[in-house]
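Throughout, numbering of the chain's residues begins at 1 and tracks the sequence.
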Amino acid sequence: MSDQRFKELFTRYPGNPIIRATDLPYKANSVFNAGATLIDGETLLLMRVEDRRGISHLTVARSLDGITNWRIDPGPTLSPSPQTHPEEVWGIEDPRITYIEEQKLWVVAYTAYSKGGPLVSLATTRDFKSFERKGAVMPPEDKDAALFPVRFGSRWAMLHRPVPAFPGVGAHIWISFSPDMKHWGDHQILVTARRGSWWDANKIGLSPPPLRTEKGWLILYHGVRTTAGGCLYRLGLALLDLEDPTKLIARSSEWVFAPEEDYEIVGDVDKVVFPCGWVAEGDELRLYYGGADKCLALATARISELLDWLETHNGMDWQ
């Protein structure tokens with residue numbers, strides 16, 4: 001009988017990685033950090049692809065079961081457009097996808113890599129074939145952004161992670177509000193990076209977009225710990241109030257997912273698990289993540305188990 005005391009919350013797909021650069025129909029250095037959504041009965045990934053210059057673009061992959069038989073666009077789906085959007089001169093990266101039922105469209109929050117540093121840009125789409133850019137909505141340095149799928153009052157809300165220039169302050173998850181998805185204000189820190197030897201000390205950031213559950217908005221975030229062997233990316237959970245997302249009501253004391261497999265430990269950036277998308281169907285959750293900035297992998301979980309675990313591992317007293 002297995003020891004249930006040490007049951008992992010996330011189960012890796014045994015066929016990982018699910019997509020490598022060699023699976024693309026064109027040459028590229030790496031594929032990783034994909035946004036995810038459901039569309040027309042299929043799972044769609046909007047993958048970050050780094051070309052052999054080192055510049056990233058976004059490419060769509062589709063699958064009926066969300067696991068195998070991925071159909072990948074023959075070329076880049078959304079490329080940087082520095083002629084019209086100079087903030088994209090060094091590429092576009094790490095998309096997060098939110099479906100807005102009210103407007104029957106998807107909002108893609110992504111990192112535009114400008115000469116002044118990475119910043120948050122938004123684009124909308126109805127079919128993942130054509131996109132309308134809203135342009136830069138946050139100045140550098142800022143990334144790890146995603147929208148909530150509903151308004152709060154009359155305003156949209158977005159999570160993001162600015163990095164202060166002042167040393168020693170830490171990089172935290174912020175929340176901001178907007179009447180039109182273009183002009184953002186009421187900025188405030190929502191989840192703080194811990195201090196000292198914690199797994200999520202000094203620098204944290206949102207992973208997939210917030211997921212609505214019966215107990216609150218479920219958040220998966222990454223913590224970056226700097227060690228003698230380099231940076232180590234691991235994942236933890238948090239929960240926000242359903243009606244007021246500025247209220248943090250739970251936060252895990254422990255990490256729940258960490259690089260362990262070879263494809264997560266060795267790559268362009270070692271020891272990284274980095275999800276930008278997840279898909280919920282009933283209680284099942286499929287998490288799509290980048291492994292070591294080189295490939296795409298899949299892990300599954302039960303939403304009910306994540307919420308139960310978070311309730312018993314709430315580390316709010318250790319903020």
Side-chain angles (χ1 to χ4, degrees), residues 17 19-37 44-61 72-98 106-125 128-147 158 160-163 171 203 205-209 222 224 231 233 267-270 272-277 288-296:
I19 302 177
R20 301 176 186 265
T22 51
D23 296 317
L24 299 174
Y26 58 93
K27 288 184 178 180
N29 172 61
S30 55
V31 54
F32 54 116
N33 299 6
T37 192
L44 180 144
L45 300 183
L46 188 59
M47 310 178 296
R48 175 180 173 182
V49 178
E50 184 183 290
D51 65 26
R52 295 192 175 190
R53 301 173 300 165
I55 306 298
S56 290
H57 59 265
L58 308 180
T59 295
V60 162
I72 301 172
D73 282 2
T77 307
L78 185 63
S79 295
S81 181
Q83 297 80 15
T84 59
H85 290 79
E87 69 274 8
E88 297 180 358
V89 65
W90 289 336
I92 54 178
E93 308 173 351
D94 301 351
R96 276 89 168 174
I97 302 170
T98 300
W106 286 266
V107 177
V108 181
Y110 60 95
T111 299
Y113 201 162
S114 75
K115 290 183 178 179
L119 52 81
V120 176
S121 288
L122 299 181
T124 61
T125 183
F128 289 92
K129 297 176 182 177
S130 61
F131 296 80
E132 180 181 343
R133 283 172 164 88
K134 289 184 173 287
V137 296
M138 293 290 174
E141 179 176 344
D142 203 335
K143 54 170 59 176
D144 298 332
L147 268 68
M158 178 171 65
H160 57 112
R161 200 278 311 283
V163 176
K203 186 177 182 181
L206 180 70
S207 288
H222 57 269
V224 186
C231 292
Y233 281 70
D268 282 0
V269 182
D270 296 344
V272 174
V273 287
F274 198 94
C276 287
Y288 298 94
Y289 65 97
D293 279 15
K294 195 66 177 179
C295 63
L296 271 169

Could you tell me if the ring centre of Tyr26 sits under 6.0 Å from that of His57?
yes
Indicate yes or no: at least one non-hydrogen side-chain atom of [X] is less than 4.5 angstrom from one of [Y].
X: Thr124; Y: Lys134; value: yes
X: Ile72; Y: Ile19; value: yes
X: Asp73; Y: Thr59; value: yes

Checking Thr37 side chain against Ile97 main chain: does a donor-acceptor pair fall under 3.5 Å?
no
Any side-chain to backbone donor/acceptor pair from Lys294 onto Asn29? Under 3.5 Å, distance only.
yes
Value rounded to 0.5 Å, distance of [atom1] in [X] from [atom2] in [Y]:
X: Arg48; Y: Cys276; atom1: CZ; atom2: SG; value: 8.5 Å
X: Leu46; Y: Asp94; atom1: CG; atom2: CG; value: 11.0 Å
X: Asn33; Y: Met47; atom1: CG; atom2: CE; value: 12.0 Å
X: Glu87; Y: Arg133; atom1: CD; atom2: CZ; value: 8.5 Å
X: Trp106; Y: Thr98; atom1: CH2; atom2: OG1; value: 12.0 Å

Looking only at heavy atoms, which two atoms of [X] and [Y] are closest? And how far apart?
X: Ser130; Y: Thr125; answer: O-OG1, 2.7 Å
X: Leu206; Y: His222; answer: O-CE1, 3.3 Å
X: Gly91; Y: Ile55; answer: CA-CG2, 3.7 Å
X: Ala36; Y: Tyr288; answer: CB-CD1, 3.8 Å
X: Leu119; Y: Ala136; answer: CD1-CB, 3.6 Å
X: Phe128; Y: Val108; answer: CE2-CG2, 4.3 Å

Look at Arg96 together with Asp144 and state whether they make a salt bridge at an N to O cut-off of under 4.0 Å.
yes
Pairs involving residues 107-123, ordered by first then second residue, that meet side chain to side chain donor-acceptor pair (under 3.5 Å) (sequence neighbours left out):
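Listed once each, the pairs are Glu88-Tyr110.
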Please assess Met158 against Val137 for the test side chain to side chain contact (heavy atoms under 4.5 Å, CB included), listing each intermediate value before the final yes or no.
CA-CA 11 Å; Met158 178 171 65; Val137 296; 4.1 Å; yes
